[in-house]
Novice: 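Before anything else, here's the structure in question.
Throughout, a chain's letter reflects where its sequence line sits, starting with A, and its residues are numbered from 1.
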There are 2 protein chains.
Amino acid sequence: MTDVASQGITVLLVDDHPIVRQGYRRVLESQGDLHVVAEADNAAEAYGAFKAHAPDVIVLDISMPGASGLEAIRNIRARDPRAKILCFTMHNEAVLVKSAFNAGASGYVTKSSEPSEVVKAIRAVARGERAMSDDVAHSLADASLSRSGSVLDELGEREIEILRQFAGGATTEQIASHLNLSVKTVQNYHYMIKTKTGARTDAQLVRIAASCGLTKL
Amino acid sequence: MTDVASQGITVLLVDDHPIVRQGYRRVLESQGDLHVVAEADNAAEAYGAFKAHAPDVIVLDISMPGASGLEAIRNIRARDPRAKILCFTMHNEAVLVKSAFNAGASGYVTKSSEPSEVVKAIRAVARGERAMSDDVAHSLADASLSRSGSVLDELGEREIEILRQFAGGATTEQIASHLNLSVKTVQNYHYMIKTKTGARTDAQLVRIAASCGLTKL
DNA sequence: ATTGGTTCGGGAAATTTGCCCGAGCTGTGA
DNA sequence: TCACAGCTCGGGCAAATTTCCCGAACCAAT
C-alpha cells in the first residue's frame with residue numbers, strides 16, 4: 001500500500017511504429033495503475049522525453065537496425081543511472097538479451113509474451129527488480145550457462161582475426177595465406193568460432209561479427 | 001450507402017504476437033465501423049478463421065519467418081479469390097511488397113504508418129480498392145526506377161526468398177521446412193544463388209543480401 | 001612442476017558443395 | 001495453338017568442407 005504502485009506507475013513508450021505504440025498505450029492504460037505519460041518515436045527522442053517526464057519505467061522496443069536500441073539504453077543510463085528500462089522486442093537471441101542487460105536494461109520481454117506477462121514485468125521493473133519473460137530466460141540459459149561478457153571475449157586473438165576476415169568475405173584459402181596458416185588450421189578456427197559463439201550457420205556468424213562491430217555493412 | 005461499409009467492416013487479425021494483436025484490436029474497435037471478429041496466431045490458423053467468420057478484410061502481419069506470410073496469402077486466395085488481404089508489417093523492402101501483391105494481397109501498409117493510415121487502408125481494401133502506405137509506394141517507386149543492374153533481378157522469387165532466410169540466419173533444414181521443400185532443393189537454390197551473384201562464400205552472400213536491403217544487420 | 005589457455009595442425013566420418021541432369025508448370029509471342 | 005523460354009523442384013555423384021576427435025608446442029601463472 002505504501003509503495004509506488006499504489007500511486008500508479010508512469011511509463012514512457014519508445015517504439016518506432018506509431019500504431020504499435022497506440023496499441024501498447026491502450027493495453028497498459030486499461031490496467032488502471034499504469035499510466036503512459038509520454039511516447040517517443042526513436043532512440044534520439046527517448047532521452048528528452050525521459051528528462052521531461054521522469055517516468056518510472058521506460059518501455060523500449062529495440063527493433064534494430066543495429067545497436068541503435070542498445071545505444072539508447074547506454075545513453076539514458078549514462079545520464080541517469082536511476083532510469084529503469086524494460087526492453088520489449090521481438091528478438092530473442094541470447095546475444096542481444098545479454099547486450100541489453102549489460103547496457104543497463106532492467107528487464108527484457110518478447111512480443112510473443114502474453115500481455116499479462118508484459119504488465120507484470122513493468123510492475124517488477126518499477127519495483128526495482130529485474131524481469132524477463134520465460135522464453136528469454138530459456139534462451140539465455142540455453143546459450144550461456146557460463147558465459148559472462150560479449151561474445152568476443154570468449155574468443156582468442158587469432159579467432160577474432162579470422163572471424164573478422166571471414167565476415168569480411170575472405171575465403172578459407174585467402175585467410176590461410178594472409179596469416180600464413182594451413183587451410184586446415186583456418187578450418188579448425190572456423191569451427192571453434194562457431195561453437196564458441198553458438199552460431200549454427202556462417203550467416204549467423206556474419207551477423208554476430210557485424211553486431212560486435214567486427215565488420216561494417 | 002448500399003455498400004458494406006455502411007454496415008461496418010469485419011476484420012480478421014493475423015499476427016503472431018498476442019499483445020500486438022490486442023493493441024490493433026483496440027485501435028480498430030475504437031473507430032466505430034471496424035469490427036474485429038476473429039484473431040489468428042499464425043498462417044495456418046488464418047484460413048480456418050477466414051472460413052469460419054468470412055470477414056471483409058484480413059489484416060495479416062507477414063512478420064516472417066520466411067514465406068509463411070506469402071504462403072498464407074496464396075493459400076487463402078486460392079481457396080477464395082474474394083478474400084481481401086491487407087498486409088501490415090514492419091518490412092518495407094520493395095521485393096517483399098511486390099511478392100505480396102502478386103501473391104494476391106489487396107494492400108500493404110507498414111507499421112511505421114500512422115494509425116489513421118492503417119484504418120484508411122482497411123476501408124479502401126474493404127471497398128475493393130488497392131491500398132498502400134506512402135512509404136511503401138515510395139520504396140516501390142524507387143525500386144522500379146533505378147534498380148536494373150541490381151543482383152536481385154537476376155534472381156527468381158524463390159531464390160530471393162531463400163537468400164533472405166539464409167542471410168537472416170536460418171539453416172538449410174529450417175528453410176526447407178518453412179517452405180516445404182526438400183533439403184536438396186534448398187541446397188540447389190543456395191548454389192544457384194551463389195553462382196548468379198558471384199559470391200564465393202556464404203559470408204559474401206550475406207553481405208550482398210544486406211547491401212540489397214534483403215536483410216537488416 | 002603442474003595446470004590452463006592459446007596457437008597450430010592431422011585424421012576420419014559425416015555433410016555440404018559443385019555441377020549435371022530431367023520433369024512439370026506458366027506465360028509469352030509467332 | 002504450338003513452341004520456346006524461364007522458373008520451380010529434386011535426384012545423383014564426385015569433390016570439398018565441416019565436424020569432432022586428437023596430440024604437440026608455447027607461455028603464463030600457480
Novice: Could you tell me if the side chain of Arg200(A) sits less than 4.5 Å from the side chain of Lys194(A), heavy atoms only?
Specialist: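 No, every pair of side-chain atoms sits at 4.5 Å or beyond.
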Novice: Send over the distance from Asn180(A) CG to dG9(C) C1', rounded to a whole Å.
Specialist: 15 Å
Novice: Quick one: is dC9(D) close enough that its OP1 or OP2 comes under 4.0 Å of any side-chain N or O from Ser182(B)?
Specialist: no
Novice: When you check every protein heavy atom under 4.0 Å of nucleotides 17-30 of chain D, what one-letter string (B, S, -) results, 5' to 3'?
Specialist: SBBB----------
Novice: Taking the basic N atoms (NZ, or NE/NH1/NH2) and the acidic carboxylate oxygens, is any pair closer than 4.0 Å for Lys111(B) and Asp61(B)?
Specialist: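 Looking at Lys111(B) and Asp61(B), the cut-off is met.
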Novice: Kindly indicate whether the side chain of Val59(B), heavy atoms from C-beta on, has any atom under 4.5 Å from the side chain of Leu13(B).
Specialist: yes
Novice: Any salt bridge between Glu154(B) and Lys196(B), counting N to O under 4.0 Å?
Specialist: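 Not counted as a salt bridge, because no side-chain N and carboxylate O are separated by less than 4.0 Å.
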Novice: One pair to check against side chain to side chain contact (heavy atoms under 4.5 Å, CB included): Thr201(A) and Phe166(B). What are the steps and the verdict?
Specialist: CA-CA 9 Å; Thr201(A) 277; Phe166(B) 172 76; 4.3 Å; yes
Novice: Would you say a side-chain N or O of Thr185(B) is under 4.0 Å from OP1 or OP2 of dG10(D)?
Specialist: yes
Novice: Could you give the CE-to-C1' distance, from Met192(B) to dT17(C), as a whole number of Å?
Specialist: 14 Å
Novice: Rounded to the nearest Å, what distance is computed from the CZ atom of residue Arg158(A) to the C1' atom of nucleotide dC8(C)?
Specialist: 9 Å
Novice: Take atom OH of Tyr189(B) and atom P of dG18(C), then tell me their distance rounded to the nearest Å.
Specialist: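 Nearest whole value for this atom pair: 17 Å.
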Novice: Decide side chain to side chain contact (heavy atoms under 4.5 Å, CB included) for Arg158(A) and Leu179(A); before the verdict, give the C-alpha distance in whole Å, the side-chain angles of both, and the deciding distance to 0.1 Å.
Specialist: CA-CA 9 Å; Arg158(A) 246 2 351 193; Leu179(A) 301 178; 3.9 Å; yes
Novice: Let me know the distance between CG of Leu179(A) and C1' of dC8(C), rounded to the nearest Å.
Specialist: 12 Å
Novice: Rounded to the nearest Å, what distance is computed from the CD1 atom of residue Ile193(B) to the C1' atom of nucleotide dT17(C)?
Specialist: 14 Å
Novice: Nearest whole Å is fine: how far is dG6(D) C1' from Glu159(B) CD?
Specialist: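 It works out to 11 Å between those atoms.
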